[in-house]
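Keep in mind it's a predicted model, so treat the numbers as computed, not measured.
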Amino acid sequence: MAAATATLSPPRATPPTYHRIVSPTLAVPTDPLQPVPVGLLACQRDPLLNELATTAVSCRESQSPTVPSNAREGKKKKAAQAPSAPLVEVILHDTIIFPEGGGQPSDVGILTSADGELWDVVEAKRHGGHAVHYVRPKPDQSVDQALKAFSPGALVGVSLGEEGSKRRLDHASMHTSQHLLSAVLEHKLDIPTLAWSITSHPSPGYVEIPRGLSAEEIAFVQEECNKLVFEGRSVHVEVEELDAESHAYTGPSVGIPQDYTGGVKRTVVIDGIDRNPCCGTHAPTLHNLQLFVLPHTETLSRSTASSVRLYFLSGPRLLAHLTSSHTLLTATAGIMSCGAPSVPERVQQVVDERKKATKRVEDLEAELAASVATELAATAPKGSEGIVLHKHRTDDNTNALGFLSSITTAFSAKVKEGVPFLLVLSSSPSAQTGTSTTVVLIFGSDDKKVKEVGDEMKAKLNVKGGGKGSRWSGKFTGVWKEAKEGEAVARILESLQF
């Protein structure tokens, strides 16, 4: 029986006290041809708003075939992306689609032009102080259509859509929970937040702190956070004009970017708990967040200092985690034929039994390798000036080369000192096809002879391999037949002279 999937519903409407303009000279622009600056956007004034009627301010074809990213490029350069459909950059008078910034990912949504056509917004970014919507035309839509549909003054409907609404609720829950977690860490344990990320659904977000936490401290922090959640503390935003000298903050905020030109300073306030500069879309209340701090930390080591990541889940992401974890635990319990509480013990038993079985197989293989080596030594010609042998095995061992190496080690111990020898071992699986691999190992007392035979195996049997010193190993691809490949090895060894 499938596990039921829980859902989380936010408050139906944002309280009128959520957005507070505290500067007497600051107001939301009303000119339909003037964009509302980031900091005063409808998505920031009312995070629960799902639809908005507005006007277009400008539209142009994007200069980049892909949405630009604020993410850092890794050490290894990413492979060139395949050409994609063109993008159109649209600036609106106002929007409910949040542009990526302040550590919060972008929203996605839908624009409806005056003719009723629907246009997909795949990303939104802040350029200076403006929110830019990256619209990707569908196969039956063109850039020219978009340029006409979003010409200055054109009426535009903005909506988050089902996917965008779920994404907004997830981001708001995680972002507000991060503020709450950082505030409790600082006020209760005197631990500052050095950095943070809400990551992407369904992964846990994290806060980066200067030291690790004990299990007791993690439990204490989680309890303190959820006390405030159960109280349903309110959240509101205070907005004021930005002074040039107030372009940066202290504390766990990422600060105001130097290229921000919106002229607005925005502070998110959790009632009686925290005041923090932030541009993100936050839940208007802590009610229903149900913060869960994962009971483990990850230590990061850098050249200058070390820090620790503390992971957390909240809102829809927590419910998704619980559903996934329960499903995995139930499935594992079924495989182990036990109840869920007994899964760790049963898994440990299986691991212990596997270790014992592996050790027993290794011991038996060592005995078998010694036996094979003894048999080979016994078949060597008596009184000859040198020993030259080929032994082929059929073996489904996953580490066939390792087993052949064990045979050579045991064989060398059985050869009289000073007697030259060269041993060719090969091993094929029991069921061979055109793509099967036969492992070949050459071992001898004369390094030059080993290389000589290896080169012959390459030339006459197309064995791919190489070696150094007394060992040479390679792989033959295809069906190994003793009447063909085995005879070829015998002819190579016949020409060998010590």
Side-chain angles (χ1 to χ4, degrees), residues 3-6 8 103 169-233 252 270 273-274 283 286-302 305-336 338-352:
T5 302
L8 181 71
L169 177 58
D170 173 60
H171 290 168
S173 298
M174 291 294 290
H175 202 162
T176 305
S177 293
Q178 178 271 313
H179 278 230
L180 173 61
L181 178 57
S182 292
V184 170
L185 284 168
E186 183 169 2
H187 298 319
K188 297 294 184 179
L189 297 179
D190 195 26
I191 297 177
T193 295
L194 307 176
W196 58 271
S197 174
I198 62 175
T199 67
S200 58
H201 187 279
S203 301
Y206 66 83
V207 293
E208 198 168 309
I209 54 181
R211 72 168 179 85
L213 299 180
S214 66
E216 292 75 17
E217 287 177 316
I218 292 176
F220 170 76
V221 169
Q222 179 165 282
E223 183 178 358
E224 290 297 312
C225 287
N226 282 307
K227 282 181 181 178
L228 300 170
V229 168
F230 294 144
E231 289 178 16
R233 295 290 184 99
I270 302 177
I273 304 167
D274 185 50
L286 300 184
H287 184 64
N288 274 347
L289 288 185
Q290 193 62 45
L291 178 65
F292 175 67
V293 182
L294 295 180
H296 76 276
T297 57
E298 177 187 2
T299 302
L300 306 176
S301 295
R302 298 187 174 92
S306 62
S307 58
V308 171
R309 284 181 179 175
L310 180 64
Y311 291 89
F312 68 94
L313 292 156
S314 177
R317 207 174 296 196
L318 173 57
L319 297 181
H321 175 78
L322 291 173
T323 300
S324 173
S325 298
H326 175 76
T327 301
L328 292 172
L329 180 59
T330 302
T332 306
I335 293 171
M336 295 294 179
C338 66
S342 301
V343 165
E345 180 183 353
R346 286 288 296 121
V347 169
Q348 187 61 55
Q349 288 177 359
V350 171
V351 170
D352 292 343

Sequence neighbours left out, what passes side-chain hydrogen bond (donor to acceptor under 3.5 Å, both in side chains) with [X]? Give chain and number order.
X: Glu223; result: none
X: Lys188; result: none
X: Asp190; result: none
X: Glu224; result: Lys227

(message) Can you classify the ring geometry of His179 versus Trp196 as parallel (below 30°), tilted (30 to 60°) or perpendicular (above 60°)?
(response) perpendicular
Taking all atoms of both residues into account, what is the closest heavy-atom pair of [X] and [Y], and its distance?
X: Leu286; Y: Val229; answer: O-CG1, 3.3 Å
X: Ser173; Y: Pro316; answer: OG-CD, 3.6 Å
X: Ser177; Y: Leu291; answer: CB-CD1, 3.8 Å
X: Leu180; Y: Cys225; answer: CD2-O, 3.8 Å
X: Ser307; Y: Glu208; answer: OG-OE2, 2.8 Å

(request) List in chain and number order the residues that pass ring-ring contact (aromatic ring centres under 6.0 Å, His included) with His171, two or more places apart in sequence or in another chain; answer none if no residue qualifies. (result) none
(message) Under the rule for ring-ring contact (aromatic ring centres under 6.0 Å, His included), what residues qualify as partners of Tyr206, not counting sequence neighbours?
(response) Tyr311
Quick one: [atom1] on [X] to [atom2] on [Y], what's the gap to the nearest 0.5 Å?
X: Ile273; Y: Ser182; atom1: CD1; atom2: OG; result: 12.5 Å
X: Leu185; Y: Leu181; atom1: CG; atom2: CG; result: 4.5 Å
X: Asp274; Y: Arg233; atom1: CG; atom2: CZ; result: 12.0 Å
X: Leu329; Y: Leu322; atom1: CG; atom2: CG; result: 12.0 Å
X: Ile335; Y: Thr330; atom1: CD1; atom2: OG1; result: 11.0 Å
X: Leu313; Y: Thr199; atom1: CG; atom2: OG1; result: 8.5 Å

What residues, two or more places apart in sequence or in another chain, satisfy side chain to side chain contact (heavy atoms under 4.5 Å, CB included) together with [X]?
X: Glu217; value: Leu189, Arg211, Leu213, Ser214
X: Pro210; value: Ile191, Pro192, Leu194
X: Ala320; value: His201

(request) Would you please test Phe230 and Gln290 for side chain to side chain contact (heavy atoms under 4.5 Å, CB included) and show each step? (result) CA-CA 8 Å; Phe230 294 144; Gln290 193 62 45; 3.3 Å; yes
Using distance only, find each side-chain donor-acceptor pair of residues 339-348 under 3.5 Å and give its atom names and separation, not counting sequence neighbours.
{"from": "Arg346", "atom 1": "NH1", "to": "Gln349", "atom 2": "OE1", "distance (Å)": "2.7"}
{"from": "Gln348", "atom 1": "NE2", "to": "Asp352", "atom 2": "OD1", "distance (Å)": "3.0"}

(request) Decide yes or no for Val207 and Gln178: does some side-chain heavy atom of the first lie under 4.5 Å from some side-chain heavy atom of the second? (result) yes
(request) Answer yes or no: is there a side-chain heavy-atom contact under 4.5 Å between Met174 and Phe312? (result) yes
(request) For Glu298 and Arg309, indicate whether the former's side chain and the latter's backbone hold a donor-acceptor pair under 3.5 Å. (result) no
(message) I'd like to know whether Ile209 forms a side chain to side chain contact (heavy atoms under 4.5 Å, CB included) with Thr297, so could you lay out the CA-CA distance, the side-chain angles of the two residues, the decisive distance to 0.1 Å, and finally the verdict.
(response) CA-CA 10 Å; Ile209 54 181; Thr297 57; 5.7 Å; no
(message) Under the salt bridge (charged side-chain N to carboxylate O under 4.0 Å, His left out) definition, can you give me all pairs with a residue in residues 312-328, not counting sequence neighbours?
(response) Asp170-Arg317
